[in-house]
Amino acid sequence: MKVPFLDVRSAYLELKSELDRAVARALDSGWYIFGEEVARFEKSFADYTGARFAIGVGNGLDALRIALMAMGVSEGDEVIVPSNTYIATWLAVTQCGARPVPVEPDADTLNIDPQRIEQAMTSKTKVILPVHLYGQPAQMGPILDLARRKGVRVLEDGAQAHGARYRGMSIGGHGDAVTWSFYPGKNLGAFGDAGGVTTNDAELAERIRTIANYGSKVKYVNEVCGVNSRLDPIHAAALAVKLQFLDDWNARRVEIADYYRQHLQDTNVRVPAQHPDCASSWHLFPVFLQRRDALQASLKEAGIEALIHYPIPPHLQQAYQFLGFKKGAFPIAEALAETELSLPIGPHMTLEQAAYVCETIADFQ
Ligand SMILES: *Cc1c(COP(=O)(O)O)cnc(C)c1O
């Protein structure tokens with residue numbers, strides 16, 4: 001049996017006629033930047049996440065960078081980031097000229113440990129940037145309490161958490177703003193690069209919109225040094241169709257995740273812990289074991305594609321040598337990078353495939 005890591009083509013085929021129609025409508029409109037398709041998707045995505053405003057941008061990294069710019073982050077500022085995340089979270093901070101200040105995760109929830117944030121804060125801290133890693137929400141309650149007490153902003157990286165819930169409420173309505181990626185492999189994915197920001201703050205929404213459009217509200221009148229990062233109507237049209245199926249598709253991910261959690265209990269891999277406040281979107285299903293590379297190879301031999309998220313933590317990347325962190329600086333992130341393996345999961349995976357993955361893992365010595 002073959003088990004691909006994620007089957008994005010099946011997602012297209014399931015909704016082919018609706019998607020084809022939506023994309024054709026966008027093409028036929030003769031309007032290829034902004035316009036109705038974008039406005040319609042922004043409105044439905046805002047409603048879906050429970051935020052007042054959604055602003056489409058070019059991709060998830062731009063969403064982070066533009067949101068930080070709109071929060072006034074610049075040279076000399078510090079931003080609290082998880083020590084274990086995809087590098088985009090850090091890149092957005094350094095692109096603003098600010099310094100990422102890493103905080104270790106809780107080894108069980110795999111998300112930034114709220115207990116460790118305060119001691120990492122200084123008078124230069126401007127924003128706390130938690131990531132809802134693998135789709136499981138970070139501990140927003142304690143993080144928001146701390147941020148309010150300290151007078152700093154909270155920006156959430158929701159790139160992996162479309163449809164995830166914290167204390168019963170969708171990711172999107174909690175902090176100051178949430179950034180989203182609609183990269184094809186995400187839970188809500190476009191047919192190319194796309195991203196967005198949601199917020200309840202009208203002023204922030206306006207600044208984000210302005211920065212993303214060359215720093216301009218009125219054509220050829222530029223208020224700030226902005227960037228060009230916009231959501232294309234073609235992608236917006238497709239995303240609006242897919243958004244209607246997101247909850248169904250996430251429910252199918254939950255089924256696979258529940259199956260894994262139940263059937264991997266007595267094997268030598270550790271499955272992720274679930275916090276009672278959190279309902280994960282199960283963007284990824286990470287397991288942990290010492291002999292990770294050997295398991296990955298043995299799954300591959302059995303036709304199962306498992307991937308590592310992420311093999312090198314940002315502080316040990318060559319790109320971030322200039323920050324001066326040495327190996328051992330963030331031992332929890334480093335241990336996770338050495339032992340993590342993401343099993344296949346997605347709305348178009350079958351329980352038979354999940355069973356085969358579990359059997360193969362049980363047979364692994
Ligand atoms: C995918 C991802 C991003 C970046 O999104 P792009 O659309 O690829 O730029 C940022 N943060 C996290 C946690 C991601 O998984």
Side-chain angles (χ1 to χ4, degrees), residues 5-6 8 41 45 54-69 79-96 100 102-103 105 109-112 127-138 140 154-164 171-172 175 177-198 208 212 227-232 234-236 238-239 242 250 253 272 278 280-286 307-315 317 319-320 333 336-337 340 342 345-346:
F5 184 70
L6 175 70
V8 286
F41 172 68
F45 193 67
I55 304 100
V57 298
N59 57 63
L61 172 58
D62 280 358
L64 283 162
R65 173 175 55 139
I66 292 165
L68 288 173
M69 286 169 79
V79 175
I80 301 284
V81 294
S83 55
N84 66 321
T85 180
Y86 179 54
I87 197 164
T89 319
W90 287 44
L91 284 174
V93 176
T94 48
Q95 283 178 358
C96 291
V103 168
T109 66
L110 314 167
N111 274 321
I112 194 165
V127 174
I128 302 174
L129 207 179
V131 178
H132 307 302
L133 196 68
Y134 305 128
Q136 173 149 251
M140 292 313 295
V154 176
L155 176 65
E156 300 159 60
D157 183 342
Q160 306 189 353
H162 319 74
I171 293 302
V178 184
T179 64
W180 306 91
S181 164
F182 305 119
Y183 175 82
K186 307 288 170 153
N187 288 41
L188 180 61
F191 296 109
D193 279 313
V197 186
T198 53
I208 289 167
V227 301
N228 174 14
S229 183
R230 302 178 288 220
L231 172 65
D232 297 324
I234 296 183
H235 294 309
L239 286 166
K242 282 183 154 186
N250 278 349
R253 287 176 182 268
C278 299
S280 179
S281 66
W282 292 112
H283 174 59
L284 296 171
F285 191 92
L307 303 176
I308 298 167
H309 298 94
Y310 298 90
I312 306 170
H315 72 279
Q317 296 282 0
Y320 281 130
L336 293 173
E340 194 272 353
S342 302
I345 191 165

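Indexing begins at 1, ligand by ligand and atom by atom, following the structure's order. The basis for the numbers below is simple: all heavy atoms, side chains too, and nothing from hydrogens, waters or symmetry mates.
The shortest non-hydrogen separation linking P100 to W90 is CG-CE3, 3.8 Å.
Counted within 6.0 Å of OH on Y183, heavy atoms from surrounding residues, nucleotides or ligands total 12 or fewer; the atom is thus considered open.
Not a single heavy atom of H132 sits less than 4.0 Å from an atom of ligand 1.
At under 3.5 Å, not a single nitrogen or oxygen of D193, backbone or side chain, sits near a nitrogen or oxygen of ligand 1. An N or O contact shorter than 3.5 Å is missing between Y86 and ligand 1 by distance.
Atoms of ligand 1 lying under 4.0 Å from at least one heavy atom of A159, given by number and element, are 2 (C), 3 (C), 10 (C), 11 (N), 12 (C), 14 (C), 15 (O). Residue G60 has at least one heavy-atom neighbour below 4.0 Å for each of these atoms of ligand 1: 5 (O), 6 (P), 7 (O), 9 (O).
Between F191 and F182, the distance separating the two ring centers is not shorter than 6.0 angstrom. Taking the six-membered ring wherever Trp is involved, the centroid distance between the rings of Y86 and H283 does not fall below 6.0 Å.
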Begin from the C-alpha positions of R230 and N228 and carry the test side chain to side chain contact (heavy atoms under 4.5 Å, CB included) through to its verdict. CA-CA 6 Å; R230 302 178 288 220; N228 174 14; 3.3 Å; yes
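Nearest non-hydrogen protein atom to atom 14 (C) of ligand 1 is K186 NZ, 3.0 Å. Of the protein's heavy atoms, L61 N, 2.9 Å lies nearest to atom 9 (O) of ligand 1. Nearest to atom 10 (C) of ligand 1 among the protein's heavy atoms is A88 CB, 3.4 Å.
Note that CG of L64 and CD of E156 are 11.5 Å apart. Values are rounded to the nearest 0.5 Å. Summarising the geometry, atom CG belonging to L133 is positioned 7.0 Å from atom CG belonging to L110; distances are rounded to the nearest 0.5 Å.
Residue contacts with ligand 1, taken as heavy atom pairs separated by less than 4.0 Å, involve D157 solely via side-chain atoms from C-beta onward.
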